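Report on one structure; see the data block that follows.
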Amino acid sequence: MTLGVCLPGGGAKGAFQAGVLESLYNRGIKKYDAYACISIGAINGYYLCTGNVDKMKKVWITEQNKGGKRFKSVDNIIDNSEDIKKLYELKNNKIRENSSFYINYLQVKNKTGKEIIVDISKFDHENRVKYIKYSCALPYHQGGELFSIQEVKEYIQKGKFDGFNLDGGMTRNTYIDPLIENNVDKILIISTRYNFKLPQKVAQKIDNDKVIIISPKTPIDNKDILNFSSEFCSKLYKEGLDVGLKFDLNLLNG
């Protein structure tokens with residue numbers, strides 16, 4: 001039985017996702033044959049696939065103190081250098097042999113954006129983190145607000161993002177195509193969206209029996225995407241732990 005996992009983005013809502021991953025890890029689901037990860041999901045996924053679940057938990061539970069503050073913006077991209085630095089510093093950074101780890105990002109050239117999907121398992125640690133950084137490059141105004149999708153499109157058309165690699169969620173926030181192509185037996189999607197349903201266009205590509213979805217059971221305001229306060233992240237992380245604890249593992253084996 002082969003198992004793939006899809007970890008979409010969602011900023012601070014990734015705390016829920018991380019809690020689920022830890023809970024399943026503690027229950028024996030420690031490794032996946034293929035990963036498809038976007039933005040914060042790529043960060044969570046990299047901690048998991050390199051066996052650094054304890055460090056992932058520490059990031060979400062004990063180190064979040066930025067709630068209510070404006071983030072720095074570098075060239076209209078959110079400054080997440082501290083989070084990326086923690087990945088670079090991982091001493092245990094090996095990916096299990098024969099496991100694939102796909103990330104996506106938006107490559108902008110000549111006033112045009114193109115989705116790029118890369119299997120970073122083929123690279124060394126430093127280059128893996130570089131690509132994860134691309135997938136997490138979220139457009140962010142100097143004044144302290146995220147770009148809307150429409151604003152991103154306008155900036156691209158004006159050439160203001162030429163030469164940049166932008167957050168994978170700018171293209172699509174849930175993609176399982178690489179997992180389908182890997183022909184895994186089961187695909188687990190751990191979404192950051194309340195009561196997430198697989199889009200019809202995606203559902204048409206695969207048998208429903210092959211896909212299992214775990215998503216938050218309580219609504220989360222999209223405004224909280226940058227709410228990295230300890231209170232908010234700890235609450236979501238614990239919710240994820242509880243959901244993962246109650247999850248029927250037989251769904252991944254049948």
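From a predicted model like this one, the values you see are computed outputs, not experimental measurements. Position 1 is the first residue of the sequence, and the numbers go up from there. No hydrogens, no waters, no symmetry mates; every other heavy atom, side chains included, goes into these values.
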| Test item: Ile189 and Leu198 side chains (from C-beta on) under 4.5 Å apart, heavy atoms | yes

| query | Taking NZ, NE, NH1 and NH2 as the nitrogens, is one of them in Asp33 or Arg96 under 4.0 Å from a carboxylate oxygen of the other? | reply | yes

| Is a side-chain N or O of Asp75 found less than 3.5 angstrom from the main chain of Ile77, in a donor-acceptor match? | no

| task | Give a yes or no answer on whether the side chain of Gln17 reaches the backbone of Ile190 with a donor-acceptor pair at less than 3.5 Å. | result | yes

| Has the side chain of Arg27 got a donor or acceptor atom that lies under 3.5 Å from a matching backbone atom of Gly244? | yes

| field | Chi angles and distances behind the ring pair (Phe, Tyr, Trp, His ring centres under 6.0 Å) call for Phe164, Tyr134 | value | CA-CA 9 Å; Phe164 283 74; Tyr134 293 166; over 10 Å; no

| request: Determine whether Ile117 and Tyr105 make a side-chain contact, defined as any pair of heavy atoms from C-beta on separated by less than 4.5 Å. | output: no

| Side chain Ser135, main chain Ser39, donor-acceptor under 3.5 Å | yes

| query | Does Lys160 count as lying over the ring of Tyr155, i.e. NZ or CZ under 6.0 Å from the six-ring centre, within 45 degrees of the axis? | reply | yes

| Plane angle bin for Tyr35 and Phe101 - parallel if under 30°, tilted between 30 and 60°, otherwise perpendicular | parallel

| query | For the residue pair His125 and Tyr88, does the interplanar ring angle fall in the parallel (under 30°), tilted (30 to 60°) or perpendicular (over 60°) class? | reply | perpendicular

| task | Check for a donor-acceptor pair, side chain of Thr192 on one end and backbone N or O of Gly9 on the other, with a separation under 3.5 Å. | result | yes

| Asp162 bridged to Lys111 by N-O distance under 4.0 Å | no

| message | Could you report the tightest heavy-atom contact between Cys136 and Ile40, atom names first, then the distance? | response | SG-N, 4.2 Å

| said: For the residue pair Asn182 / Tyr102, report whether a side-chain donor-acceptor contact shorter than 3.5 Å exists. | reply: yes

| query | Are the charged groups of Lys217 and Asp242 less than 4.0 angstrom apart, N to O? | reply | no

| Exam field: side chain Ser23 to backbone Leu245, donor-acceptor pair closer than 3.5 Å | yes

